[in-house]
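Only a predicted model underlies this, so the values are computations on that prediction, with no experimental measurement involved.
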Amino acid sequence: MRRLLTTALAAATTTLVTTLCAAAAPLPGVAPGAASLHLTRAHVSEGGRIVSAGHVHLDCPADASAPHPYAREACRDVRGAAGDLDRLPGTTFAFCADEPGTTVTVTADGVYEGRPVRWTRTYVDDCVRALATGQVFDF
C-alpha cells in the first residue's frame with residue numbers, strides 16, 4: 001500500500017511540474033517576453049470618487065517610440081515576473097505624491113507570451129503601489 005501511494009504521489013508531482021513548466025513557456029511562434037498590455041491607474045477618494053486617472057499601452061519588447069514613459073524598465077520587470085504581475089520585483093525607493101484619503105487601483109489587461117493577463121490590485125496609497133510594482137504603473 002505504501003509503495004502504491006509513493007508511486008501515485010511521484011506521478012502526480014511529475015504531472016504537476018510538467019504542467020507548470022508548459023504553462024510558463026511561450027506559445028509557439030511567440031517571442032519570449034512578448035507582451036501587449038493596457039495599463040490603468042486610478043486614485044479613488046474615500047467617497048468612491050475618481051480623483052485622477054491615467055492609462056497607457058505597454059508593448060514588449062519596447063522601442064524608443066513606446067507611449068509608456070518607462071517602457072524598457074516596465075518590460076524588464078514584466079518579463080522578470082514571467083507575466084505574473086503579483087511577482088513584480090517592485091522597488092526599495094519610491095518618489096510619490098500621495099493625495100490624502102485616496103487609494104490607488106491599477107489594472108493590466110492583455111497578453112503575455114500569448115497567454116491572457118487580467119490583473120487588478122488596490123493599494124492604500126501611491127507610495128505602496130510604487131514600492132510593489134516599480135515603474136510598470138509609473139505613467
OG1/Thr107 to CG/Leu85 distance, rounded to the nearest 0.5 angstrom? 10.0 Å
Take Arg129 and Asp138 through the side-chain contact (heavy atoms from CB on, under 4.5 Å) test and state the conclusion after the steps. CA-CA 10 Å; Arg129 187 269 324 149; Asp138 282 354; 2.9 Å; yes
Separation between CG of Asp125 and NE2 of His43, rounded to the nearest 0.5 Å: 10.0 Å
Identify the two heavy atoms, one from Thr102 and one from Val51, that lie closest to each other, and give their separation to 0.1 Å. CG2-CG2, 3.9 Å
Distance, nearest 0.5 Å, that separates CZ of Phe93 from SG of Cys127: 9.5 Å
Should Val128 and Leu88 be regarded as members of a common hydrophobic cluster, given that ILVMFWY residues are connected when their side-chain heavy atoms come within less than 4.5 Å of each other, either directly or indirectly? yes
Could you tell me whether a side-chain N or O of His68 sits under 3.5 Å from a main-chain N or O of Glu73, the two making a donor and an acceptor? no
Flag side-chain contact, heavy atom, 4.5 Å: Leu131 against Thr91: yes
Nearest 0.5 Å, please: how far is CZ in Arg79 from CD in Glu113? 7.0 Å
To the nearest 0.5 Å, tell me how far Tyr112 OH sits from Asp84 CG. 10.5 Å
Identified side-chain contact (heavy atoms from CB on, under 4.5 Å) counterpart of Phe137 within the set Val106, Leu58, Thr40, Val56: Val106
Least distance between heavy atoms, His57 atom then Pro67 atom: O-CG, 3.4 Å
Considering non-hydrogen atoms only, spot the tightest contact between Ala108 and Leu39 and give its length. CB-CD2, 3.6 Å
If you measure from the Lys or Arg side-chain nitrogens to the Asp or Glu carboxylate oxygens, is any gap between Arg87 and Asp77 under 4.0 Å? no
So, the side chain of Asp63 versus the backbone of Ala66: is there a donor-acceptor pair under 3.5 Å, distance only? yes
Starting at CZ of Arg121, measure out to OG1 of Thr133 and round the result to the nearest 0.5 Å. 11.5 Å
Co-membership, hydrophobic cluster, residues Val111 and Val136, 4.5 Å side-chain: no
